[in-house]
Amino acid sequence: MWDCGERRKLRNDDAGRSWCARWRELWATTAGVCGGATLRRKEETQREDNHIRRERRRLFLEFMYPQGHQKDIGVRGECHVLNVTSESYLVHDMLPRFSQLLLRPHSQSHLQRIMPRAITCSTQCHYTSSSSSHYSPFATPSNSRRSSLSLPSKCSSLFARGFHALCERNEAKKKRLGLVGAVRAGQREYRKLRRRAPKAKAKPKELELCVDICIEEDLPDDPEVLSIAELLRLNAPMAMKLAFDGLKDSRYKTRDAAIDDVGGFESVELSLLLCNDEFIRKLNKEWRDEDHATDVLSMSQHIPGLKLPILMLGDIVISVETAARQAEERGHTLVDEIRILMVHGLLHLLGFDHELSEEAEVEMEKEEELLLKSLGWKGKGLIKSTHEAEINSTSHHHSSDDQLSKDRKKDGSLRFYKPKFSYIFCDMDGTLLNSKSQISPATAQALREATSRGVKIVIATGKARPAVIDVFKMVDLAGKDGIVSEFSPGVFLQGLLVYGRQGKEIFRSNLDLSVCREACLYSLENKIPLIAFCEGRCLTLFHDPLVDSLHTTYHEPKAEIMPSIEHLLASADIQKMIFLDTAKSVASTIRPYWSEATKDRATVVQAVPDMLEIVPLGTSKGNGVKILLDHLGVTPKEIMAIGDGENDVEMLELASVGIALSNGAEKTKAVANIIGCSNDEDGVADAIYRYAF
């Protein structure tokens, strides 16, 4: 850069102002620069007019070196500075025409020939160079010491000034671009050569591990299972890499060496499927011809001798249901058990097989423990855990009970299955209740599991709603968050009272008053206990132990004794009446009589052998269920029904799947799709675990 302020003082006249105007015009033509602003020369292109270039050079020489105003030049090593002063503008890089002469390492004789033609002013210049690491266009390998170069007398001080200024410019370019870059940039003016970065050395190609984590479509979206599946995306490749490293320089006596060195493959592919017991049992039957569920299956897809860039390692199938059960038995988490099963399955795919011999079992057991320990995972390995839990014999030995229960889901396993039905309609007496009129713990647990999976349990019974609520309170399943409450839907009193959403009554049917009066007279005349059901109340005409048993055994509301028939009939609307006697008397005497007496006015039904119920004509439990389904917007295909008595026939026929318990009436069994266990064998729980999911 030159400071041009001093030269401006020397030419501050008309000639100088004319010169400046011409100079600005030339630069505006080629560089688009406005007067009065700082002028910075842009790189000239090949399209620039030659006449303008020559004129601009002439003006520059005329301005810089008028006669009698030469200025000394300072030299510092090889960094040469020329200062020219001007307050109106700054000029950068203004010696392009000299570059072609000065940047070439011409010989002294050649310079003597060409310089007089380029420069007309004659004066003598001495160039002195000190030893330096900087590049000089005139330097030779011999000028490591201080040297002197004398130019001919015809060389003007203009050359010296231009040379020193050019050296300063090229010194900066040399540092930035290097030797070749500085020379070429000076010669061509508009081009700067970039040094190419050296090519990086190619890294050795790493083995690609491809793992697909899948969830079987019938396995519901359980949050814990989903989180484990995401974790396995990281865990499976870690286990694969460690297992492959273990194959190197290792000698196994029993391992199938079909897969030995994986370094010859570009990638290794493995799939891992999470499923339930039902799916893995079918797969076990197809793959190994063993009709039972297992914890893990490995199915190799590798074909020895087939040269492919991809190693198709195979598939690992894990039953999350069995894994959860084993994790609970062995005292660790579900993810720990699934990791153990994954390692076991992976070793099978790599050629280990503990079923070949005792030696093979020991070898695989050690490899399991080594892998788990190296990965920092909990557990002792599947083989060792199986021996310690002593379950190997039970997993391969099947009694008749095992064969009967192979389709039944285990307790606590419904979380791994999708429900087949939205609603389960269930009877109470003889069905949900055992012979002691109680809900067993196993049945209560099955109901809890079913409701936790989104299945709604609806009670359809001949009992009054207060009685049903009292029964469920005993197993902590009553209330707003339970199965039955005053705000839940249900079918009561053989379908004569139906409650819909929020427990609101949507249907009621009352018994004909003349039938009620005749039944009261028959009770008094024959001394046969009679109970009149009036929504949440029970009314009777006299005290009897059988009347008390209805409250103490069947949990119905305690009967109120009415002083007369008229008082009883006037107390409330009666939905149904029940005669209580021995089973023999009911079958031989009471039922035949009232079947004939109520013809075209009422209907007789039986839920238990020692009771006969008289209900309004044309009503039934099945009719009440249909009314409730219409109210809820549910189709019969979405429900499963469980019952035992004759009053359950219509309900079982209506449902998609009707199940009659083995203790039920023959008429009921005849219309049922399935005959299940008895009420004393937890028939409802068995039906839920076996058929509802």
Side-chain angles (χ1 to χ4, degrees), residues 401 404-405 407-415 417 419-463 467-478 482-484 488-492 553-555 607-608 621-622 625 628 638-665 668-669 671-693:
D401 292 339
L404 290 174
S405 63
D407 293 326
R408 187 183 189 275
K409 286 78 178 175
K410 304 296 188 296
D411 299 356
S413 64
L414 295 186
R415 58 180 287 205
Y417 293 87
K420 298 178 182 178
F421 308 99
S422 302
Y423 289 83
I424 297 176
F425 282 77
C426 190
D427 176 45
M428 290 289 292
D429 293 315
T431 304
L432 196 61
L433 303 179
N434 56 23
S435 57
K436 297 178 181 179
S437 294
Q438 297 174 347
I439 299 177
S440 68
T443 300
Q445 177 61 27
L447 295 175
R448 288 190 184 93
E449 279 197 69
T451 54
S452 69
R453 299 298 307 142
V455 178
K456 297 175 178 63
I457 309 295
V458 179
I459 301 302
T461 179
K463 289 179 173 296
V468 176
I469 293 175
D470 289 343
V471 171
F472 277 89
K473 279 182 180 178
M474 297 179 182
V475 290
D476 197 26
L477 286 173
I483 293 176
V484 177
S488 61
V491 179
F492 302 96
T553 303
Y554 295 98
H555 310 287
V608 292
K621 187 185 293 186
V625 171
L628 181 57
E638 299 178 61
I639 72 168
M640 181 176 82
I642 309 172
D644 71 304
E646 291 181 10
N647 59 337
D648 297 318
V649 170
E650 294 89 346
M651 180 177 71
L652 299 186
E653 289 178 329
L654 178 67
S656 175
V657 174
I659 301 174
L661 301 192
S662 60
N663 57 287
T668 310
K669 294 178 184 179
V671 301
N673 302 107
I674 299 168
I675 298 176
C677 302
S678 69
N679 61 332
D680 287 331
E681 296 172 326
D682 302 319
V684 171
D686 183 80
I688 289 174
Y689 286 123
R690 195 182 296 273
Y691 306 112
F693 290 83

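We use all heavy atoms of the structure for the numbers below, so side chains are in, but hydrogens, waters and symmetry mates are not. We're numbering straight along the sequence, starting at 1.
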Margin query: I'd like to know whether Thr461 forms a side-chain contact (heavy atoms from CB on, under 4.5 Å) with Phe492, so could you lay out the CA-CA distance, the side-chain angles of the two residues, the decisive distance to 0.1 Å, and finally the verdict.
Written below: CA-CA 5 Å; Thr461 179; Phe492 302 96; 3.8 Å; yes
Next item on the list: Only pairs at least two apart or in different chains count here, so list each salt bridge (charged side-chain N to carboxylate O under 4.0 Å, His left out) that has a residue in residues 431-442.
Entry: none
Checklist line | Under the side chain to side chain contact (heavy atoms under 4.5 Å, CB included) test, residues paired with Thr668 that sit two or more places apart | finding: Val649, Leu652, Ala660, Ala665
Next item on the list: Measure the CD1-OH distance between Ile674 and Tyr691 for me, rounded to the nearest 0.5 Å.
Entry: 4.5 Å
Notebook entry, point to check: Looking only at heavy atoms, which two atoms of Lys409 and Arg690 are closest? And how far apart?
Noted result: NZ-O, 3.6 Å
Next item on the list: Work out which heavy atom in Ile659 is nearest to a heavy atom in Ala687; give both atom names and the distance.
Entry: CD1-CB, 3.7 Å
Notebook entry, point to check: Is there a side-chain contact between Asp476 and Arg448, using heavy atoms and a 4.5 Å cut-off?
Noted result: yes
Item checked: Any Leu447 side-chain heavy atom under 4.5 Å of Leu432 side chain -> yes
Check: Between OG1 of Thr443 and CG of Asn434, what distance do you get to the nearest 0.5 Å?
Finding: 8.0 Å
Next item on the list: Provide the full list of side chain to side chain donor-acceptor pair (under 3.5 Å) pairs with a residue in residues 638-661, sequence neighbours left out, each pair given once.
Entry: Ser422-Glu638, Thr431-Asp644, Gln494-Asn647, Arg591-Glu646, Lys621-Asp648, Thr635-Glu638
Note to self: Show, in sequence, the C-alpha distance, side-chain angles and deciding distance for Ile688 and Leu414, and conclude whether the side-chain contact (heavy atoms from CB on, under 4.5 Å) test is met.
What the structure shows: CA-CA 9 Å; Ile688 289 174; Leu414 295 186; 4.1 Å; yes
Margin query: Tell me every residue that passes salt bridge (Lys or Arg N to Asp or Glu O under 4.0 Å) with Lys669, counting only those two or more places apart in sequence or in another chain.
Written below: Glu666
Check: Can you list the residues that meet the salt bridge (Lys or Arg N to Asp or Glu O under 4.0 Å) rule with Arg415, with sequence neighbours excluded?
Finding: Asp222, Glu224
Checklist line | Pro419: side chain to side chain contact (heavy atoms under 4.5 Å, CB included) partners, not counting sequence neighbours | finding: Val455, Phe693
Check: Can you check whether Phe425 reaches Val458 side chain to side chain, under 4.5 Å on heavy atoms?
Finding: yes
Margin query: Under the rule for side-chain hydrogen bond (donor to acceptor under 3.5 Å, both in side chains), what residues qualify as partners of Glu681, not counting sequence neighbours?
Written below: Ser678
Check: Below 4.5 Å, heavy atoms only, C-beta onward: do Met428 and Phe472 meet side chain to side chain?
Finding: yes
Next item on the list: Indicate yes or no: at least one non-hydrogen side-chain atom of Ile439 is less than 4.5 angstrom from one of Leu433.
Entry: yes
Checklist line | Set of residues satisfying salt bridge (Lys or Arg N to Asp or Glu O under 4.0 Å) with respect to Asp470, sequence neighbours excluded | finding: none
Item checked: Considering all heavy atoms, the nearest Gly430-Leu661 contact -> O-CD1, 3.8 Å
Item checked: Least distance between heavy atoms, Pro489 atom then Leu628 atom -> CB-CD1, 4.0 Å
Margin query: If you count every heavy atom of other residues, nucleotides or ligands that lies below 6.0 Å from Lys473 atom NZ, does the total exceed 12?
Written below: no
Notebook entry, point to check: Atom NZ in Lys420, atom CD1 in Ile639: separation rounded to 0.5 Å?
Noted result: 16.0 Å
Next item on the list: Report the residues that fulfil side-chain hydrogen bond (donor to acceptor under 3.5 Å, both in side chains) with Arg453, sequence neighbours left out, ordered by chain and then residue number.
Entry: none
Check: Does the Asn679 side chain pair with the main chain of Asn663, one donor and one acceptor, at a distance under 3.5 Å?
Finding: no
Checklist line | Non-neighbouring partners of Ala467 that pass side chain to side chain contact (heavy atoms under 4.5 Å, CB included), sequence neighbours left out | finding: Lys463, Glu556, Pro557
Item checked: Listed partners of Tyr689 passing ring-ring contact (aromatic ring centres under 6.0 Å, His included), at least two apart -> none
Next item on the list: Quick one: pull up CD1 in Ile469 and OG in Ser488 and give me the separation to the nearest 0.5 Å.
Entry: 6.5 Å
Notebook entry, point to check: Between His555 and Ser437, what is the shortest heavy-atom contact and its length?
Noted result: NE2-O, 3.3 Å
Next item on the list: Name all residues meeting the salt bridge (Lys or Arg N to Asp or Glu O under 4.0 Å) criterion together with Asp680; count only those two or more places apart in sequence or in a different chain, and write none if there are none.
Entry: none
